[in-house]
2 protein chains.
Amino acid sequence: MKTRRTRSQDSVLEILQKLSRAISAQDLYAELRKRDVRIGLATVYRALDALKLEGRVQVRTLPHGESLYSLSHEDRHHLTCLRCGDSVAIDECPVHELETHLNQSHQFRIFYHTLEFFGLCEQCQAEEVVP
Amino acid sequence: MKTRRTRSQDSVLEILQKLSRAISAQDLYAELRKRDVRIGLATVYRALDALKLEGRVQVRTLPHGESLYSLSHEDRHHLTCLRCGDSVAIDECPVHELETHLNQSHQFRIFYHTLEFFGLCEQCQAEEVVP
DNA sequence: GTATCTGCAAAAGATTTGCAGCAAG
DNA sequence: CTTGCTGCAAATCTTTTGCAGATAC
């Protein structure tokens with residue numbers, strides 16, 4: 001099964017470029033419909049899968065089971081509170097050197113990585129003591 | 001709502017300690033039933049949630065939507081192929097220093113982090129050229 | 001023409017929730 | 001007692017699949 005460049009993939013890419021942030025498949029679907037693109041939800045998933053395999057789109061799956069899609073290297077890393085779910089983006093990333101190393105030592109072609117921190121935010125730490 | 005130390009949490013912890021690897025909630029449930037522990041799947045999820053909030057258990061969610069649970073700091077990082085799903089564990093981790101730094105700069109109490117790499121394994125790179 | 005893509009509806013799977021009964025403090 | 005835990009079944013939500021028709025090459 002060869003994979004074709006399709007109109008739906010282009011639509012999906014266009015939205016991701018315009019938004020320039022991570023978004024769920026469902027929201028992406030809503031966004032497309034809002035702009036009068038006639039497309040099915042299943043097709044959004046299929047387009048995202050294809051783009052993922054090409055390394056053009058990256059995915060981060062939340063503990064809740066929902067996945068967020070974004071252009072490769074456009075998503076940031078996060079610090080997420082396990083209690084309230086609040087999430088803060090992080091700028092630092094000490095991983096690139098390791099990524100290069102792994103590319104060679106494992107014969108893998110790495111497209112991207114995810115790095116997420118989990119714990120309790122300041123407020124939830126306080127609530128834990130006096131519930 | 002105060003949280004109580006429960007028998008089900010103990011059962012869950014015991015299995016995690018015995019197995020000493022990441023496991024899904026469903027498999028954990030099966031494992032418990034196999035050992036004649038009378039417990040419901042929902043209770044397994046509730047126990048895991050509670051332990052997660054205490055920082056004793058960590059979670060890594062797969063792209064597929066399933067979550068794997070393990071004792072904190074017992075899970076490793078991985079290199080996962082986007083095509084075939086094969087996964088290789090990684091030993092290196094350049095993140096601890098950053099974690100300490102974030103603990104201070106963000107007033108977060110960090111329990112653990114996840115770091116996952118995605119791309120194509122050697123075999124799938126080959127198949128991509130000659131499908 | 002033939003292989004691939006699409007939309008829709010149905011199916012699958014993981015996790016969560018409602019609720020009545022049980023158990024701990 | 002009163003509050004929190006448990007099991008079961010039902011509900012929820014995201015993602016996947018089946019299929020007939022449309023489309024690209």
Side-chain angles (χ1 to χ4, degrees), chain A residues 1-15 22-54 57-70 82-85 127-128 131, chain B residues 1-15 22-54 57-70 80 82-85 118 128 130-131:
Chain A
M1 179 195 96
K2 186 177 12 177
T3 178
R4 224 173 248 171
R5 159 84 341 161
T6 67
R7 197 179 323 144
S8 47
Q9 286 177 34
D10 288 341
S11 305
V12 165
L13 272 181
E14 192 187 323
I15 297 289
I23 185 177
S24 71
Q26 308 268 353
D27 289 353
L28 191 47
Y29 169 67
E31 197 68 34
L32 284 163
R33 300 297 287 228
K34 201 197 307 179
R35 299 172 189 224
D36 294 321
V37 178
R38 191 172 168 284
I39 194 174
L41 178 57
T43 304
V44 173
Y45 278 106
R46 286 185 278 231
L48 286 169
D49 271 0
L51 292 169
K52 190 173 62 178
L53 275 177
E54 291 176 31
V57 158
Q58 78 179 130
V59 192
R60 162 167 62 99
T61 305
L62 304 177
H64 162 240
E66 188 186 44
S67 294
L68 300 186
Y69 299 80
S70 59
L82 290 168
R83 181 185 286 246
C84 66
E127 279 174 18
E128 197 179 48
Chain B
M1 179 196 96
K2 188 178 15 179
T3 178
R4 226 172 247 169
R5 160 84 340 163
T6 68
R7 200 177 321 143
S8 47
Q9 285 177 35
D10 289 340
S11 304
V12 164
L13 273 181
E14 191 186 325
I15 298 290
I23 184 176
S24 71
Q26 308 268 354
D27 288 352
L28 190 47
Y29 170 67
E31 197 68 33
L32 284 163
R33 300 297 287 228
K34 202 199 303 180
R35 297 174 191 222
D36 294 319
V37 179
R38 191 172 166 282
I39 196 174
L41 178 57
T43 303
V44 173
Y45 278 107
R46 287 186 277 232
L48 286 169
D49 272 359
L51 293 168
K52 189 172 63 181
L53 275 176
E54 292 177 29
V57 158
Q58 78 180 128
V59 192
R60 162 168 62 98
T61 306
L62 305 178
H64 161 241
E66 188 186 44
S67 294
L68 299 186
Y69 299 81
S70 59
T80 302
L82 289 167
R83 181 185 284 246
C84 67
F118 298 94
E128 196 179 50
V130 191

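Naming: A, B, ... by sequence-line order, numbering from 1 per chain.
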Options D/dT15, C/dT15, D/dG7, nucleotide nearest the side-chain atoms of B/Ser67
C/dT15
If I take atom [atom1] in residue [X] and atom [atom2] in nucleotide [N], what distance separates them, rounded to the nearest angstrom?
X	N	atom1	atom2	answer
A/Ile39	D/dA22	CD1	P	18 Å
B/Tyr69	C/dA14	OH	P	12 Å
A/Glu66	C/dA14	CD	P	18 Å
B/Leu41	D/dA11	CG	P	17 Å
B/Asp27	C/dG13	CG	P	14 Å
B/Asp10	D/dT6	CG	P	10 Å
A/Tyr29	D/dC13	OH	P	16 Å
A/Leu68	D/dT15	CG	P	9 Å

Contact nearer the 5' end of DNA chain D, comparing B/Ala47 with B/His64
B/Ala47
Can you tell me how far apart OG (A/Ser67) and NE2 (B/His64) are? Round to the nearest 0.5 Å.
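The OG atom of A/Ser67 sits 10.5 Å away from the NE2 atom of B/His64.
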When rounded to the nearest 0.5 Å, the distance separating CG of A/Leu32 from NZ of A/Lys34 is 10.5 Å
With sugar-phosphate meaning primed atoms plus P, OP1 and OP2, does [X] contact a base, only sugar-phosphate, or nothing at under 4.0 Å between heavy atoms?
X	answer
A/Arg7	sugar-phosphate
B/Thr6	sugar-phosphate
A/Ser8	sugar-phosphate
A/Ser24	nothing
B/Arg46	base

Minimum side-chain heavy-atom gap A/Thr61-B/Leu62 below 4.5 Å
no
Validation row: B/Leu48, B/Leu28 side chains within 4.5 angstrom (heavy atoms)
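The answer is yes, as the side chains (C-beta and beyond) meet within the 4.5 Å cut-off.
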Short side-chain N/O contact to D/dT16 OP1/OP2 from A/Tyr45, under 4.0 Å
no
Residue mapping more 5' on DNA chain C - nearest nucleotide basis, B/Ala42 or A/Thr43
A/Thr43
Applying salt bridge (charged side-chain N to carboxylate O under 4.0 Å, His left out) to A/Arg46 and A/Asp49, what does each step give before you reach the verdict?
CA-CA 5 Å; A/Arg46 286 185 278 231; A/Asp49 271 0; over 6 Å; no
